[in-house]
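First up is the structure itself, then whatever we jot down about it.
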Amino acid sequence: MADIKTEVMTVNMGPQHPSTHGVLRLVLELDGETVLSVAPTIGYLHTGIEKTTEQKKWQQVIPLVERMDYLSAQSNSMAFCLSVERLLAVEIPERVKTIRVLLAELQRLNSHLVWLGTHGMELGAVSVLMYCFRERELLLNINELIAGFRMFPSYNRVGGLREDLPRGFHAAVREVLDRLPGKLNEYEDLLTKNEIYIERTRGVGRISKEDAIAYGLVGPIARAAGVTYDVRKAFPYLGYETFDFQVPVQTDGDVYSRYLVRIAEMRESIAICRQALDRISPTGAFAIDDPRITPPPKDRVYTEMEALIQHFLIYSQGFTVPAGEAYVPVEGPRGEQGFYVVSDGTNRPWRVKSRAPSLLACQALETMVVGGLIADVVAVIGSIDVVMGDVDR
Amino acid sequence: MSAFLIAQIVLTLFVFVMLLSSAAVMVYAERKVAAILQQRMGPYLVGPKGMLQPLADVIKLMFKEELRPRAADAFLFALAPMISATAAFAAFAVVPFGAETTFFGLLSEPLRLQVADVNVAILVVFAIASMSVYGVVLAGWSSNSKYSLLGGLRASAQMISYELSYGLALASVLVMANSLSLSDIVNHQAGTWFGVVPRWFLFIQPVGFLVYMTAGIAETNRAPFDFPEAEQELVAGYHTEYSSMSFAMFFLAEYINMVTVSAVATDLFLGGWHGPFLPASLGWVWFLLKVGAILFFYIWMRWTLPRYRYDQLMRFGWKVLLPIAAVNLLATAAGVLYFGI
Amino acid sequence: MDSTELVRSLQEAVPGATLESAASLDLHATIYATRADLPAIARALRDGAGLRFDFLAELTAVDFSPREPRFELVYILVSTELVQRIRVKVRLPGSDAHVATVSAIWPAANWLEREVWDLFGIVFDGHPDPRRLLMPEDWEGFPLRKDYPVQITMVPRTAEPLQVTEQQFRASVEQDRLARK
Amino acid sequence: MGSDTLFYLFGAIAIGASLAVIGQRNPIYSVLLLIASFGALSGLYILLDAPFVAVIQIIVYAGAIMVLFLFVVMLLNAPHEETEYDERVHPLLRSGPTRFGVALAVALMVELWWALTKGRETGGFPEGSVSSVAAIGRSLFTDYSFQFEVTSVLILVAMVGAVVLARREPRRPRSPGNQ
């Protein structure tokens, strides 16, 4: 019997659409509501940051890279600083490493909270968004406390941190950490066992372990599919090997598994933060003691001529970095992240390339979405947690 | 012209105005309840505690520019919101909301608090509810926008699927009350069992009530079954292209439909205006309380639950809800035959 | 596993390939391969015993203009199974910058190669979808090349507001209606 | 307004809308006009003191069946009727389905004429039997129970047939490799 002739409908989802996380554009071919094909189109947020960095001095790059993946500013700048420090072949103080771990984990919590909120909202559970942003506010307050800037603190510096931790930092972080587990339970009450949520997410946007590796997926998406790879465990940096934490792994590779992995990761992050906080002394070294890289403290700048000259040189000429290349991977909120940095021995980078986990996640969208319904597209986009700033750079 | 006729006309106007203001109250209540659920303030600037916010919204909507896509079907595009709004108002006409009253002796014969007493009232509600889908479907089609079209398609499929369960749930009450008139059904529920438990059909027909409410939410396109709009998937679904007062009419229709469904649920299952402590002439207070409780439930659901998926809703409607409703009807009929309630 | 060891096992897997290990500052094993050997080496890297680099973490290029060979392609590979990393580099001359695609070996390379083509103008032979990725389709030039001006005033044509008259618009809508009929 | 006026009003709407249904090029408008015609019909039923039938007419035809029609028309996305024939040729001279349609129309006319003349002879239905729901139910399940059951079976068969016709082999989703 001949098929009833139906017309395939082409729908343009984005770049202006309430749930494409910014300016992602998907050209969907629909049969009824079933997705036959999807063609992601990106580049609407392409700001040429990689080209811009080549004109900037090394330390000027830090605020730029923070704006790439705007939900994980601390991770970005930390990854960049690690790469440059590797090129400079300097060893940063233990205290700075631990502070960076703490800030990176707080950033992961922050990013996952935004993810959970928007993901919940896209499935129609609007209240989850409000709850998550309520807690995210506390984390942003910590950023404000240390740097005076909530979204892009630019607190990391090559060779350490911009300044020492402010007074009351420990108490503020501990208060947030004490509050979060209970709030996580609250979110889980709303979603984890919710029949509708499970029906919407289980078996949706499935990707196999092999596909996840082949498409270069990392982080929670890959771990939800059964890949155990986590940079913090596989190639430890900043002394992650000394922290006691688990890498949550699920095997289904669907939206629900990604949700479970991220929730478990948040709990692990809280554990890491507690350990890190115990190790950080309230005051101490916050940068390496290297006059080439670190500017002198302000009181010396005001009183000593040499210090003033040093300060002036660092901020006008910058510092030079030996010729070579370096790539230090870190585990950002969205997976392996890092900056491939090439130096020609001058005070400006020759090439800075950011490894963008979101870009590859966008590429794999097709495998996850085709065959599902238009409502699943929204669920899947939410679950892979793309940040368009990271995709387009 | 008799006093009775004047009273009837006044009553009709009164219901019309009350429905309009109920939509305004609902908008305010929805925003305030959502805010409380989400631990925020909600509207608080316009008027005391933001109570005049709906008024501000209406004024804003009235002064917005009416936009129409160039490629839209002009006639149907204009017609669709009118169908929605008209159907919403019309359905309430046959819903009684209080016992017969003479208004403290003002009238010579008692007046029933109902715009039109039709002896097939329940079927009229049902018929008008089934017509209201045309507003949504035509809005979706005439906008000439793909998201709107998908919204319209979803609306029509959803209506057809849920009307059956809705009807069967109604039928099980009709069998028990042995009447098609809503007033008769309500009066059938007067009094109590053992002096404590009110004789509401809710207690004999819990399954019917659940089916009715589920189907009712689907019929009124409210979360978690708000597929025709589904702003995260279809932008705003069928009313994506609407602005100004035409949009307001859809908005109005949605809230009035909610009120109607709740009012009918109150009449059918919750004993209408019957309740303890109050004299019969103040029965409408009970009625308002019950309707308010159901409406609160509606809002609570919307801000708590994620949205279902469209195909899952259809599967649920045909494979779960409809069989349950059918079995419930058969069981009710058998029970009535056997026990002769 | 350091780079000499890797070079040895790669050499076994691909006999006759020209490989050289390079010093690296960041303790990544780094090897240089030639353009001709790349497909065979890529396959060996993914499937070879003791290699198993199943995960392409990064694929990018660096423009060393005016030096020749001008471009260096960088493949950063990870083995999730054996937990090791390697960096493979391929030198490409500026005059004819093209290389075989590896998107059949690592599907992740698809977009990454498109990005490199988009920004550096390096052609990937046999790529299934050789379009620009980030820049508009009608963009001229390759922005990340060192000889590309930093500040230019180029208006992407796709972003120009469409200038049509009322009649043209109506005709277009009508045409669309006819086409849908 | 007397019931005569109403009768002529509803009758005119019903006939006018029905005629317009076949005169329309746009199927959506055809469906809407059909609904209008049904609405007028149910008005006529009310004038005949049969509110139950009137309401059922709206629920079943206008509320359910026509929604389905509209759904299908929208799904097929056919804004205009396809005109394969040359407009200059007279409809009666065109080939194929048109001739069949003409034959059907003639048959319908004859049947209508026959039914009207017959109806006058029998003198219509007994009074009052259609107004009460209980009466309708009783006569459906006693006097006409056989016809009722036969109709049910017929509808069931049609439903199964529709399911069989509409069933499609599950579409295999395209894998990313082969496109």
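In what follows, chains carry the letters A, B, and so on, assigned in the order in which the sequence lines appear, proteins first and then strands, with residues in each chain numbered from 1. All of these numbers come straight from a predicted model, not from anything done at the bench.
For A/I213, the parts sitting under 4.5 Å from any heavy atom of chain C are the backbone and the side chain alike. Looking at C/L133, both its backbone and its side chain come within 4.5 Å of chain A, counting heavy atoms on both sides. C/I76 touches chain A through its side chain: at least one heavy atom from C-beta onward sits under 4.5 Å away, while N, CA, C and O do not. The contact between A/F235 and chain C is made entirely by side chain atoms (from C-beta outward), counting heavy-atom distances below 4.5 Å.
With sequence neighbours excluded, the residues that form a salt bridge (charged side-chain N to carboxylate O under 4.0 Å, His left out) with A/R334 are A/D69, A/D385. Contacts of C/R145 classified as side chain to side chain donor-acceptor pair (under 3.5 Å), with partners at least two apart in sequence or in another chain: none.
A donor-acceptor contact under 3.5 angstrom links the side chains of C/D96 and C/H98, judged on distance only.
Proximity to chain A among residues 36-46 of chain C is not found for any residue, judged by heavy-atom separations below 4.5 angstrom. Close approach to chain A, defined as a heavy atom under 4.5 Å from one of its heavy atoms, is seen in C/W111, C/L112, C/E115 of residues 111-118 of chain C, taken by number.
C/F64 carries C/R67 over the face of its six-membered ring, with the cationic atom under 6.0 Å from the centre and within 45° of the normal. For the pair A/R355 and A/F339, the cation-pi criterion (under 6.0 Å, within 45° of the ring axis) is not fulfilled.
Residue-environment remark: NZ (A/K209) stays at or below the threshold of 12 foreign heavy atoms within 6.0 Å.
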